[in-house]
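Below: one structure in structure tokens.
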Amino acid sequence: MIKEIKAKEKINATINIPGDKSISHRSVMFGAIAKGDTHISGFLTGEDCLSTIDCLKKMGIEIEINGTDVLVHGRGLNGLQAPKERLYVGNSGTTIRLISGILSAQSFNCELTGDASICKRPMNRIITPLSKMGARIKGIENDGYAPLRIEGTKLKGIRYDSPVASAQVKSSVLLASLYAEGETYITEPARSRDHSEIMLNYFGADIRTENGVIISKPVKELYAKDINVPGDISSAAFFMVAGLIRKDSHIIIKNVGINPTRTGIIDALKIMNGKINILNERTSGGEAVTDIEVFSSELKAAEIGGEIIPRLIDEIPVLAVAAIFAEGKTIIKDAEELKVKESNRIAVMKKELSKMGADIEETDDGMIIRGGTALHGAVIDSHKDHRVAMSAAVAGLASDGVTRIEDAECVNISFPSFYDILEKL
Ligand code: S3P
């Protein structure tokens with residue numbers, strides 16, 4: 001599908017955005033291996049989270065979906081059944097990496113695969129620590145890549161100093177640690193999102209963090225809980241940037257999760273002089289939730305790097321769009337992880353935004369954006385990457401002429417209502 005985007009001014013709106021992708025994946029996955037019924041409200045029914053549900057159903061878990069309400073009939077830590085066919089994770093890195101931690105400890109064997117993008121993304125980052133725990137996991141066709149074969153076995157706790165700040169790696173090891181003999185200790189070079197630690201503990205796990213070391217004790221069972229999924233700050237980010245870069249605009253985004261491991265985008269946009277207010281802060285299921293208010297702003301360039309990167313890794317494509325509208329040279333560094341996302345987001349953002357007139361230089365670990373260039377509409381190849389498509393759409397709101405986004409339906413991965421909300425603005 002090709003989506004046409006035209007310029008919009010004076011955006012004044014109050015919007016609701018769909019549930020958090022990371023929390024939605026975890027709610028059904030952890031619910032499946034907990035004892036009892038887990039009721040989830042505000043679940044993100046994007047393709048990635050539906051892939052997780054599909055995999056769990058193939059292992060005998062009954063899951064009922066009613067709009068954004070989901071009911072998981074959990075079967076306990078050892079209740080999964082051997083799937084009759086290969087598990088298919090679609091485009092979802094979170095599904096394949098997290099579920100591999102669970103599957104490594106089962107009493108059955110299975111195979112997992114996904115779409116073309118998934119089969120190119122590195123799996124050694126989970127194969128290495130899981131193998132240290134005793135797991136039998138390997139690439140079937142290519143070493144270190146999906147399709148993967150996992151032969152379930154007994155695991156032991158390890159000490160693992162992860163070379164990457166990745167919540168998917170950390171969560172995979174934590175899930176395996178629930179089944180392992182002995183404690184597991186994990187460190188990471190910078191703190192990644194901690195939804196797994198919060199939610200697993202909520203379900204009865206024993207995970208604590210001491211001086212930056214995450215320590216997990218095996219447990220006998222997890223127990224079902226009700227979960228209210230907050231709106232996804234990664235989805236809110238597109239409308240935050242839209243409000244900041246369009247003249248005379250004011251947007252309120254309701255019910256957004258602001259777990260501190262995820263709020264790098266708010267910090268970065270504030271450093272860039274963005275007028276953003278946090279309204280009505282509250283907590284739900286151990287996660288902080290708020291309404292976010294943004295006003296049109298005269299953005300200024302900034303240097304973004306170091307520990308903030310894992311806290312805004314998924315928002316860098318749209319941060320690059322904000323930087324085009326900022327005065328001066330924005331440098332994004334320490335973000336080499338962008339190369340192994342759904343697409344190589346450094347190369348792709350440079351290529352596609354340049355077509356619209358942006359001045360972007362690709363570097364080894366990020367990009368340099370010289371702000372202040374006027375944008376014009378262009379034909380944008382989304383590379384089937386949801387966040388590339390949505391970032392280009394936001395740039396299109398502030399461009400002369402029409403922007404045409406190819407394979408625009410890829411937004412369904414994380415934000416199926418994106419174009420509807422955009423049109424209603
Ligand atoms: C996620 C972790 C991040 C993020 C992804 C979701 C998660 O990936 O980019 O969209 O839910 O754990 P990495 O673990 O590769 O950093």
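For ligands, and for the atoms within them, numbers begin at 1 and follow the listed sequence.
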> Of all heavy-atom pairs between Ala358 and Leu375, which one has the smallest distance, and what is that distance?
Replying inline: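 Ala358 and Leu375 have their closest heavy atoms at N-CD2, 3.6 Å.
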
>> Are any of the N/O atoms on Ile313, whether in the backbone or the side chain, positioned under 3.5 angstrom from an N/O atom of ligand 1?
In response: no

>> Need the ligand 1 atom indices (1-based, order shown) with element for anything under 4.0 Å from a heavy-atom of Ala167.
In response: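 Listed by number with element, the hits are 12 (O), 14 (O).
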
>> Only heavy atoms of Thr94, strictly under 4.0 Å: list the atoms of ligand 1 that pass.
In response: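 Once the distances to Thr94 are compared, the set is 1 (C), 6 (C), 7 (C), 11 (O).
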
>> Can you confirm whether Leu174 sits close enough to Ile214 that some side-chain heavy atom of one is under 4.5 Å from a side-chain heavy atom of the other?
In response: yes

> With the threshold set at 4.0 Å, does a side-chain nitrogen-carboxylate oxygen contact exist between Asp267 and Arg311?
Replying inline: yes

> Going by the atom numbers of ligand 1, which of them fall below 4.0 Å from some non-hydrogen atom of Asp314?
Replying inline: 4 (C), 5 (C), 9 (O), 10 (O)

>> Which of the numbered atoms in ligand 1 are under 4.0 angstrom from any heavy atom belonging to Lys21?
In response: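 Atoms satisfying the 4.0 Å criterion: 10 (O).
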
> Does Arg121, backbone or side chain, put an N or O under 3.5 Å from an N or O of ligand 1?
Replying inline: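 No, no N or O pair falls under 3.5 Å.
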
> Looking only at heavy atoms, is any part of His195 under 4.0 Å from ligand 1, and if so is it the side chain, the backbone, or both, or is it neither?
Replying inline: neither

>> Between Lys341 and Asp385, does any side-chain N to carboxylate O distance fall below 4.0 Å?
In response: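 Salt bridge: no.
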
> What protein heavy atom sits nearest atom 14 (O) of ligand 1, and how far away is it?
Replying inline: Ser166 OG, 2.6 Å

>> My understanding is that we take every heavy atom of each candidate and find the minimum distance to atom 12 (O) of ligand 1. Doing that for Arg193, Arg97, Lys170, Arg26, which one comes out nearest?
In response: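 Going through Arg193, Arg97, Lys170, Arg26 one by one, Arg26 has the nearest heavy atom to atom 12 (O) of ligand 1.
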
> Salt bridge check: are Lys355 and Glu352 linked by an N-O gap of less than 4.0 Å?
Replying inline: yes

> When you measure from atom 8 (O) of ligand 1 to each heavy atom in Arg345, Glu337, Lys341, which option holds the nearest one?
Replying inline: Lys341

>> On a heavy-atom basis, which atom in Lys57 and which in Ile63 lie closest, and how many Å separate them?
In response: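 Smallest heavy-atom distance, with atoms named: CE-O, 3.4 Å.
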
> Charged N to carboxylate O below 4.0 Å: is that the case for Glu111 and Arg149?
Replying inline: yes

